[in-house]
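The next block holds one structure in the form of structure tokens; read it before the comments.
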2 protein chains.
Amino acid sequence: MKGIRILVAEDEDKLREVILKYFKKEGYEGFGASDGEEALKLWEEKKPDCVILDVMMPKMDGFEVLQEIRQTDNVPVIMLTARREEDDKIQGFEVGADDYVTKPFSPRELMVRIKALLKRSGVVTVENNLEVCGIQFNPEERLMTINDETIQLSQKEYDMLIYFINNQKLVLSREQILDRIWGFDYEGDSRVVDTSIKRLRKKLGEKGECIQTIRGLGYKFQK
Amino acid sequence: MKGIRILVAEDEDKLREVILKYFKKEGYEGFGASDGEEALKLWEEKKPDCVILDVMMPKMDGFEVLQEIRQTDNVPVIMLTARREEDDKIQGFEVGADDYVTKPFSPRELMVRIKALLKRSGVVTVENNLEVCGIQFNPEERLMTINDETIQLSQKEYDMLIYFINNQKLVLSREQILDRIWGFDYEGDSRVVDTSIKRLRKKLGEKGECIQTIRGLGYKFQK
DNA sequence: CCCATTTTGACACACTAATGACACATGGAC
DNA sequence: GTCCATGTGTCATTAGTGTGTCAAAATGGG
């Protein structure tokens, strides 16, 4: 099984190494970058499942890197900020950071945030060959098998389904779904969700009924 | 018309600023407090229409502030909690919070909650897995179970039932119910309540008898 | 770079549950 | 019995969703 890959961009060598060591201990695959440009290069090269960005870095600061990443990628990003960089934090939220950790922090705290973020972002948390209510998952290829029939899902469909699977029985509002799948800065109509639900249901066939409509609130996944 | 005023008590500057900025964009008037004491002071001073309280704050935590506020004020309060699995939310509901939002969240999600809360203005939610007289509540899943049978309630039915549960043994007049569930500015016939009570009773089956008619006064919920 | 294909977003219209209004039935208080 | 408040069935309206279709945007080869 493919491991979870995390990119750490932090110019303080010691801190970066501590974090990377911690990741290794937890079974994650970590890549270290010591400046912004290296971070971007590694991001393109490795396509990690999560990115940790220090705000203050040589050559290219965290925000610039984030902005660049956000052009094409919705990967979960955690920003590392020092206590007094208040304005910076605002800026980060605007460009689309998913969480912030203020220095100093413990690796343990960072791990907690990462795990929470990965879980919520729903992109990578499904193990291979997981089976939920007759639906077999193959996240690496974004494939799904129902009754020996393989089904190809699109990005949005796949992400939504994972999000539902990870939050079974919970009612998810259109806004929550939008935030998670489209990104909190998505500006379009919240009814895109309806359309995508429609398509997902259709592909799921009879299993589509697992996605229930809670009128006035949203949708939920239940067997 | 007077604008809607919201107090945001959150010690993380970046987050508070982002929220306040969103409020402004949405046409709300926002006040920021960075610790519990400041929050209390601002609450007294500004008498906001809605209060957002971070649980973890310097000087005075969110629960203490809430407790203080609840001595004299029934203003809608949303608590910001750090971790989903914590007892935070339970404790918050006990002291009288109206909703909780788990960090990190997007401004969009918070806005949705605020709007919903303002609309309901005072309808208190119920903790998960509460059981009252054989009726099992599960608000997160938006489910109600009686004798292992799940029941789907509509919005109005659900809100009314919660209102009754939160005010057991109290006689609630049609006017009170209208104010809470339909909003104080509802202009229609007060006998819509009768119709909704009828429907709720029907869905509750034999438990419908728990909703008793107090002739000339209104209704009350009792086992 | 172009073209074919897929994915996505927007929108109109259809459909259905929820709601509100009302007429009439019921039942207690006097 | 009458009076009056409440119960209840029914129906029209409304609000919220489902869905087909089209166009725009992204993707993927030649």
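Proteins come first, then strands; the chains are lettered A, B, ... in the order of their sequence lines, and each starts at number 1.
The shortest distance between side-chain heavy atoms of A:L110 and A:L80 falls below 4.5 Å. Side-chain contact between A:F23 and A:C50: absent, with no pair of heavy atoms (C-beta onward) separated by less than 4.5 Å. You'll find the side chain of A:F221 reaches within 4.5 Å of the side chain of A:I165, heavy atoms only. A 4.5 Å side-chain heavy-atom check between B:L143 and A:K220 finds at least one atom pair inside the cut-off. Annotation: side chain of B:I135 is in contact with side chain of B:M144 (closest heavy-atom distance under 4.5 Å).
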Donor-acceptor pairs under 3.5 Å, side chain of residues 204-216 of chain A to any protein atom, not counting sequence neighbours: which ones?
residue	atom	partner	partner atom	Å
A:K207	NZ	A:C133	O	3.2
A:T213	OG1	A:R201	NH2	2.8

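Atom CG of B:L178 and atom P of C:dA21 are 10 Å apart (whole Å). The interatomic distance linking B:K156 (NZ) with D:dA15 (C1') rounds to 11 Å, in whole Å. Summarising the geometry, the separation between CD1 on A:I214 and P on C:dA18 is reported as 10 Å, rounded to the nearest angstrom. The distance from atom CD of A:E157 to atom P of C:dG9 is 11 Å, rounded to the nearest whole Å. Here the C1' atom of nucleotide C:dG20 and the CZ atom of B:R174 are 15 Å apart, to the nearest Å. As a whole-Å value, the separation of B:Y219 OH from D:dT6 P is 6 Å. The distance from atom CD of A:Q155 to atom C1' of D:dA25 is 15 Å, rounded to the nearest whole Å.
Residues B:D159 and B:K156 are not paired through a salt bridge, judged by the lack of any N-O separation under 4.0 Å between the basic side chain and the carboxylate.
Near DNA chain C, defined here as any heavy-atom distance below 4.0 Å, the residues from residues 186-207 of chain B are B:Y186, B:G188, B:D189, B:V192, B:T195, B:R199, listed numerically.
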Give me, pair by pair, the N or O atoms of the protein and of nucleotides 25-30 of chain C that are less than 3.5 Å apart, along with how far apart they are.
residue	atom	partner	partner atom	Å
C:dG27	N2	B:R215	NH2	3.0

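Enclosure of atom NZ in B:K203 by more than 12 non-hydrogen atoms of other residues, nucleotides or ligands within 6.0 angstrom is indicated.
OP1 and OP2 of C:dT19 both lie 4.0 Å or more from every side-chain N or O belonging to B:Y158. Phosphate contact (OP1/OP2 of C:dG9, side-chain N/O of A:W182, threshold under 4.0 Å): present.
A:L153 comes within contact range of no nucleotide atom at all, as no heavy-atom separation falls under 4.0 Å.
In this structure, B:N167 contributes its side chain and B:Y163 its backbone to a donor-acceptor pair below 3.5 Å.
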